[in-house]
Amino acid sequence: MRNHDARCASSSCGASRPQIESLDPVAIGMPAEVLKRLAKDATTLRCLYCGFVWFNGWDAHTMSNRLIPAGFYDAPMMPQGFVPVRLTHPIRQL
């Protein structure tokens, strides 16, 4: 896993300077319906503060990052493992 210096994509994350790590979505038990959102070139990222997981890819059409919500993994409020969120879950632009 690689640590990234970025902001959490969750609009509800309260961390002033969260640590972000990349992870393997299959290793955390991400369900198939969520894995379908993962683009070939996207990286799966997780905020160590709130546990939010998202896919970070590049959109060649808009020439910007494309953030796709996935769920929460091992979050303080949800320690049971991976919990998916809807595709419409609010995210912030990095």
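Atom set for the values below is all heavy atoms of this structure, side chains included, hydrogens, waters and symmetry mates excluded. Source: prediction; values computed, not measured.
Annotation: the span from S22 atom OG to R46 atom CZ amounts to 11.5 Å, rounded to 0.5 Å. Atom CD of Q19 and atom SG of C47 lie 9.5 Å apart (nearest 0.5 Å). Note that the NE2 atom of H89 and the CZ atom of R86 stand 11.5 Å from one another [nearest 0.5 Å]. Note that CD1 of I20 is 10.0 Å distant from CZ of R7, once rounded to the nearest 0.5 Å. The OG atom of S12 sits 11.5 Å away from atom CD1 of I91, with the distance rounded to the nearest 0.5 Å. Taking CE of M30 as the reference point, atom CG of D24 lies at 9.0 Å (rounded to 0.5 Å).
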request  = Show the numbers, then the answer: is there a side-chain contact (heavy atoms from CB on, under 4.5 Å) between D41 and W58?
outcome  = CA-CA 7 Å; D41 64 339; W58 182 254; 4.0 Å; yes

request  = Give the C-alpha distance, both sets of side-chain angles, the deciding distance and a yes or no for side-chain contact (heavy atoms from CB on, under 4.5 Å) between L23 and E21.
outcome  = CA-CA 6 Å; L23 50 81; E21 70 176 359; 4.0 Å; yes

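Applying ring-ring contact (aromatic ring centres under 6.0 Å, His included) to F72 and the options F52, F82, W54 leaves one that passes, F52. Checking each of I68, L45, T44 against N56 for a side chain to side chain contact (heavy atoms under 4.5 Å, CB included) leaves exactly one that passes, namely L45.
When hydrophobic clusters are built by joining Ile, Leu, Val, Met, Phe, Trp and Tyr residues whose side-chain heavy atoms come closer than 4.5 Å, directly or via intermediates, Y73 is grouped together with L38.
Smallest separation of non-hydrogen atoms from P84 and P31: CG-CG, 4.4 Å.
Panel note: side chain R92, backbone S10; a donor-acceptor pair is recorded below 3.5 Å.
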